Amino acid sequence: MTYNSTLLRLLDERGYIHQLTDAQGLDALAAKQIVPGYIGFDATAPSLHVGSLVQIMMLRRLQQAGHKPIVVMGGGTTKVGDPSGKDESRKMLTSEGIQANIASIRTVFEKLLTFGDGPTDAIMVDNDEWLSQLGYIELLRTVGPHFTINRMMTFDSVKLRLEREQPLTFLEFNYMILQAYDFRELALRHGCSLQMGGSDQWGNIVNGIELTRRMEAKELFGLTTPLLTTADGAKMGKTAAGAVWLNEDQLPAYDFWQYWRNVDDRDVGKFLRLFTDLPLDEIARLESLEGSEINAAKIVLANEVTTLCRSEDAAKAAEATASTTFAGGGLGADLPVVALPAEGLGIIDALVGIGFAASRGEAKRLIAGGGARVDGESVSDENFHIAGGAEVRISSGKKKHGVLRPN
RNA sequence: GGACAGGUGGCCGAGUGGUUAAAGGCAGCAGACUGUAAAUCUGCCCGCGCAAGCGUACGCUAGUUCGAAUCUAGCCCUGUCCA
């Protein structure tokens, strides 16, 4: 369908919309007034990773379209501890830990959204503010009657667990109630009328809408994004080194840049639309590049996203490092560096030291497989000694490079 | 509280006394081919050691045995059904 509001047109043409509860209703509302909309985020780690970037960008679009983004941090839900994790994740975060995480996560939002007190300025709230105030009996009496177990059992999150015979705790079962409660609370406190989220949040969002309709007779809207996977079917944001973190102190800018530079050909257009502000005709042009020319589009993607999430300088530095490292075979400034003692260093220690191998055994396997290089030359002798005194380039495979620098 | 089924490496999943550091798959790393892509093929994939080897590891603990992921007991956890 075609939309009248800037908001839905923008979200639609850039590929953010998967499901929408009431397209006409939201379209009409967004066309005539400022719509405060929110998305909830986890506070379990000091940084979000690229898996959350779609949601963050959607808040940015909301603001670009003249509406008000509300970032909801799940401080309250985090406090409870996420029981869905496997055996090890029983750790309960302390309040201080959660607050520190929220502060750290906020730095990224500040790059992508404009915060303040204005009508379309973004705000950040913590659901701990209201969730920790809830009394159990009170909650049961007020929201309890609006949920039937019958219906809760039909939600995918519940159904899948039961079908796979995996444990589903009462705590988790209550998540959807708390989430629904959040939406109502935000509607009352901030006039919030839209909740967005990943497609897995659909059920939670709908619950919030229904709860608020029943309790407050207010009409709210929900919108979900498509589940973002890479072209080869993997979930976004995982690489060799683990998650692709948005915060600089969790992942150096050069590695962040490299993640986007190495994206699958088929994902380039989609990612440009979702993760950059480039105009659509420009994206169409980049996307149509074929063969090795698409690499130019990937560089644009990497630069744009790195600029947004980190800084323009970081993007430039990363690109410069990449081009001298890959094209010239030189040493870029952004490469990881390890000190090279005057007496030199064994190849194994060098590989472990710079983090290309987790253990000495792994370093040896890398060497045996022909993947270890010093100054571009493959090293097959695990006793190889790197002479001290001069800067040396060390590589694991063709993509991971580092510098050994005399100290 | 009871009956039954189960708890294996990052994940899934074989394995019921020695030839099992544990089949197979996925994920990951490297090589070849390329475009710092994909697909494909090949090798690697617990730690230490140049190596023979050593140390850890199959929910936890204690046993049986020359020898246990495999047998026994207790405990913890999960599922299904029952109270």
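The sequence lines fix the lettering, A, B, ..., with proteins before strands; numbering per chain opens at 1. From a predicted model like this one, the values you see are computed outputs, not experimental measurements. What you see below is based on every heavy atom in this structure, not just the backbone, and it leaves out hydrogens, waters and symmetry mates.
- Using a 4.0 Å cutoff on non-hydrogen atoms, the parts of residues 287-296 of chain A near RNA chain B are Gly291(A), Ser292(A), Ile294(A), Asn295(A), ordered by number.
- Within 4.0 Å (heavy atoms only), Val268(A) reaches no atom of the nucleic acid at all.
- Residue Asp264(A) has its side chain nearest to A38(B) when only U34(B), A38(B), U36(B) are considered.
- For the side-chain contact (heavy atoms from CB on, under 4.5 Å) with Leu194(A), the qualifying choice from Leu62(A), Ile39(A), Ile209(A), Leu220(A) is Leu62(A), the only one to do so.
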Next on the checklist: Pair Gln64(A), Arg61(A) - check side-chain hydrogen bond (donor to acceptor under 3.5 Å, both in side chains), show working.
Outcome noted: CA-CA 5 Å; Gln64(A) 285 170 344; Arg61(A) 303 295 179 218; 3.1 Å; yes

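- Within a 6.0 Å sphere centred on CD of Glu343(A), other residues, nucleotides and ligands contribute more than 12 heavy atoms.
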Next on the checklist: Before you tell me yes or no, could you show the steps for Trp130(A) and Asp182(A) under side-chain hydrogen bond (donor to acceptor under 3.5 Å, both in side chains), namely the whole-Å CA-CA distance, both residues' side-chain angles and the distance that decides it to 0.1 Å?
Outcome noted: CA-CA 8 Å; Trp130(A) 54 85; Asp182(A) 276 353; 2.7 Å; yes

Only distances under 3.5 Å count here; give the side-chain donor-acceptor pairs of residues 102-116 of chain A to other protein atoms, sequence neighbours excluded, each with its distance to 0.1 Å.
{"residue": "Ser104(A)", "atom": "OG", "partner": "Pro46(A)", "partner atom": "O", "Å": "2.5"}
{"residue": "Ser104(A)", "atom": "OG", "partner": "Asn247(A)", "partner atom": "ND2", "Å": "3.3"}
{"residue": "Arg106(A)", "atom": "NE", "partner": "Glu110(A)", "partner atom": "OE2", "Å": "2.7"}
{"residue": "Thr107(A)", "atom": "OG1", "partner": "Ser104(A)", "partner atom": "O", "Å": "2.6"}
{"residue": "Thr107(A)", "atom": "OG1", "partner": "Asn247(A)", "partner atom": "ND2", "Å": "3.3"}
{"residue": "Lys111(A)", "atom": "NZ", "partner": "Arg310(A)", "partner atom": "O", "Å": "3.3"}

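- Closest approach of Asn4(A) to Arg9(A), counting heavy atoms only: O-NH1, 3.2 Å.
- Within 4.0 Å (heavy atoms only), Arg365(A) reaches sugar-phosphate atoms of the nucleic acid but no base atom.
- Computed from coordinates, the Arg373(A) CZ to A30(B) P distance equals 10 Å when rounded to whole Å.
- Rounded to the nearest Å, the gap between the C1' atom of G47(B) and that of G9(B) is 13 Å.
- With RNA chain B read from its 5' end, the first of the two nearest nucleotides for Gln258(A) and Ile348(A) is the one closest to Gln258(A).
- In a base pair of the Watson-Crick type (N1 to N3 plus N6-O4 or O6-N4) or a G-U wobble (N1-O2 and O6-N3), with each distance short of 3.5 Å, C48(B) is matched with G53(B).
- Comparing atom distances between the Lys400(A) side chain and each of C29(B), A37(B), A32(B) picks out C29(B) as nearest.
- When the side-chain nitrogen and oxygen atoms of Lys364(A) are compared with OP1 and OP2 of C48(B), none of them lie within a distance under 4.0 Å.
- Within the 4.0 angstrom heavy-atom criterion, only backbone atoms of the sugar-phosphate kind lie near Ser396(A); the bases stay farther away.
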